[in-house]
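The analysis underlying the following values was restricted to heavy atoms, covering all of them including side chains, and did not include hydrogens, waters or symmetry mates. Note on naming: letters A, B, ... go to the chains in the order of the sequence lines (proteins, then strands), and numbering restarts at 1 for each one. Source: prediction; values computed, not measured.
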There are 2 protein chains.
Amino acid sequence: MTDNERVPTNSKKTTANPAPERRRELLATAAEVFAAQGYNATTVRRIADEAGLLAGSLYYHFDSKESMLDEILSGFLDELWTGYDAVLGAGLGPRETIEALVTESFREIDRHRAAVAIYQKESRHLVAQPRFGYLVDSQRKFEKAWLGTLERGVADGSFRADLDIRLVYRFVRDTVWVAASWYRPGGAHSPEEIARQYLSMVLDGIAGRDPAAA
Amino acid sequence: MTDNERVPTNSKKTTANPAPERRRELLATAAEVFAAQGYNATTVRRIADEAGLLAGSLYYHFDSKESMLDEILSGFLDELWTGYDAVLGAGLGPRETIEALVTESFREIDRHRAAVAIYQKESRHLVAQPRFGYLVDSQRKFEKAWLGTLERGVADGSFRADLDIRLVYRFVRDTVWVAASWYRPGGAHSPEEIARQYLSMVLDGIAGRDPAAA
DNA sequence: TAACCTACCAAACACTTGTTAGGGAAGGAG
DNA sequence: CTCCTTCCCTAACAAGTGTTTGGTAGGTTA
């Protein structure tokens, strides 16, 4: 469906997926360390320590450190686009689409906090590598979905027409995704509640409604 | 004045600053590479290549790779707080203070684009190191200034009272500073124009004013 | 019992990393 | 000319990097 459904290069397993439980465990801890320290600053030995095995043993499960990163990012993007495609195919109006996309985004941040953090820190220099070319495809598709929705909304009066639409796009996009840098699951607010307040701010602003106030 | 005025440890120069021209050149190119590739992913040899000399020669000017990073970040923060302190000491109302802070922030992004990008990517794991403890001080002061202004605004009706104020703080803060990731000096808009449109979005929202629209 | 597979360890490999030591060319000062 | 300072190069070092190789304990299958 999307062009992001890459099969992570895993030459070890020829059968479909016999026992990916351990892989997922290891990928989860790797993602946590990557998110906390940064990909390049993270050593394979550190991941192994955190997972309770030796560095070399990771290479029984994965081809390379880079393929771990690949699997983390592509796995996240696959799930993200599953959610986005459902929203975009629902035939909603511009404003409702934006609301649904923002809400869906915060749900993804809730479920893939580490992957989102990694994506934000590393994607900029990963796009240069051919292996991560699918990041470019995803970015393009992402921009098309959001920007297109915003333009539809400007056309039908849902959104203001007196702003640089690309500035608005980056504003909304960044506003949502940087939340992954401070969001912690199990915090004071649910993803839906955060989405609600963010949408309220983005759509209506933070200024007081009292005309008497300066 | 601020508590960020750290003297970068430069044991080589005992006199005040005899010829810091070359230093600034090298720091500028180092900052560009750090911002583009990430600090840990950047090798000293790469910086040297970009600057047109050999890796070892950098150590005539700087104590270490880390001290380059230190000097870049502390230099940026010093200038940032010079501007912020001027705004905060001007005795403006809450809304005018926020407007001035946002505008000042975009000016700093314009002048220290690379340093801001580095700060955003690396500060999270740098705060653990004692050498970069001043980052924590700056963060605390930053939060105090912004959050305090927002609270004053809620109290006097300038800002909405029906939102989680800490969420608003993070919203405004991130919204402004992530702009450094896409901003390029000499682009379509001046820092002031970007600040104006951002403020318009943050304060009044992006929704259309036409009540007839959904 | 024998063969086999899974998941790991122990130990090393080749390479890159930040950093250092010593030296030398260029130019101004005495 | 000699001395000194500035700025850079050459060449290496030790530590850390991702990765590979061979082996092995334990369970499952035949």
Asker: Taking side-chain hydrogen bond (donor to acceptor under 3.5 Å, both in side chains) as the test, write out the residues that go with Tyr169(A), two or more places apart.
Answerer: none
Asker: For DNA chain D, which residues of residues 25-35 of chain A approach it to below 4.0 angstrom with any heavy atom?
Answerer: none
Asker: Under 3.5 Å between N/O atoms: give me all the protein pairs with nucleotides 22-24 of chain D, atom names plus distance.
Answerer:
none

Asker: Asp49(B) CG to dC9(D) C1': how many Å, rounded?
Answerer: 14 Å
Asker: Please set out all donor-acceptor pairs under 3.5 angstrom arising from side-chain atoms of residues 175-182 of chain A, sequence neighbours excluded.
Answerer:
{"unit_1": "Thr175(A)", "atom_1": "OG1", "unit_2": "Phe171(A)", "atom_2": "O", "d": "2.8"}
{"unit_1": "Thr175(A)", "atom_1": "OG1", "unit_2": "Thr175(B)", "atom_2": "OG1", "d": "2.8"}
{"unit_1": "Ser181(A)", "atom_1": "OG", "unit_2": "Val178(A)", "atom_2": "O", "d": "2.6"}
{"unit_1": "Trp182(A)", "atom_1": "NE1", "unit_2": "Asp174(B)", "atom_2": "OD2", "d": "3.4"}

Asker: Is any side-chain heavy atom of His61(A) less than 4.5 Å from a side-chain heavy atom of Leu27(A)?
Answerer: no
Asker: Could you tell me the separation between the CG atom of Leu54(A) and the P atom of dA10(C), rounded to a whole number of Å?
Answerer: 6 Å
Asker: Kindly check if the number of other-residue, nucleotide or ligand heavy atoms within 6.0 Å of CZ (Arg124(B)) is above 12?
Answerer: no
Asker: Return the set of residues passing side-chain hydrogen bond (donor to acceptor under 3.5 Å, both in side chains) with Arg196(A) (not counting sequence neighbours), or none when no residue passes.
Answerer: Glu193(A)
Asker: Does the side chain of His61(B) get closer than 4.0 angstrom to OP1 or OP2 of dC8(D) through an N or O atom?
Answerer: yes
Asker: Quickly work out the Gln37(A) CD to dT17(D) C1' distance and round it to whole Å.
Answerer: 15 Å
Asker: Identify, with sequence neighbours excluded, every residue that meets ring pair (Phe, Tyr, Trp, His ring centres under 6.0 Å) alongside Phe76(B).
Answerer: His112(B)
Asker: Report the residues that fulfil side-chain hydrogen bond (donor to acceptor under 3.5 Å, both in side chains) with Glu66(B), sequence neighbours left out, ordered by chain and then residue number.
Answerer: Gln129(B), Arg131(B)
Asker: For residues 35-48 of chain A, which residue pairs qualify under side chain to side chain donor-acceptor pair (under 3.5 Å), counting only residues two or more places apart or in two chains?
Answerer: Arg46(A)-Glu50(A)
Asker: Suppose we screen for side chain to side chain contact (heavy atoms under 4.5 Å, CB included). Which residues come up paired with Ala195(B), at least two apart in sequence or across chains?
Answerer: Val102(B), Thr103(B), Phe106(B)
Asker: The criterion is side-chain hydrogen bond (donor to acceptor under 3.5 Å, both in side chains); which residues satisfy it with Thr149(A), sequence neighbours excluded?
Answerer: none
Asker: Is the distance from OP1 or OP2 of dC8(D) to the nearest side-chain N or O of Tyr60(B) less than 4.0 Å?
Answerer: no
Asker: Taking CD from Glu21(B) and C1' from dT6(D), how many angstroms apart are they, rounded to a whole number?
Answerer: 12 Å
Asker: Can you pull the salt bridge (Lys or Arg N to Asp or Glu O under 4.0 Å) pairs that have at least one residue in residues 31-44 of chain A, sequence neighbours excluded?
Answerer: Glu32(A)-Arg113(A)
Asker: Go along nucleotides 16-22 of chain C 5' to 3' and tag each nucleotide: B for a protein heavy atom under 4.0 Å from its base, S when only backbone or sugar atoms are that close, - otherwise.
Answerer: -BBBB--
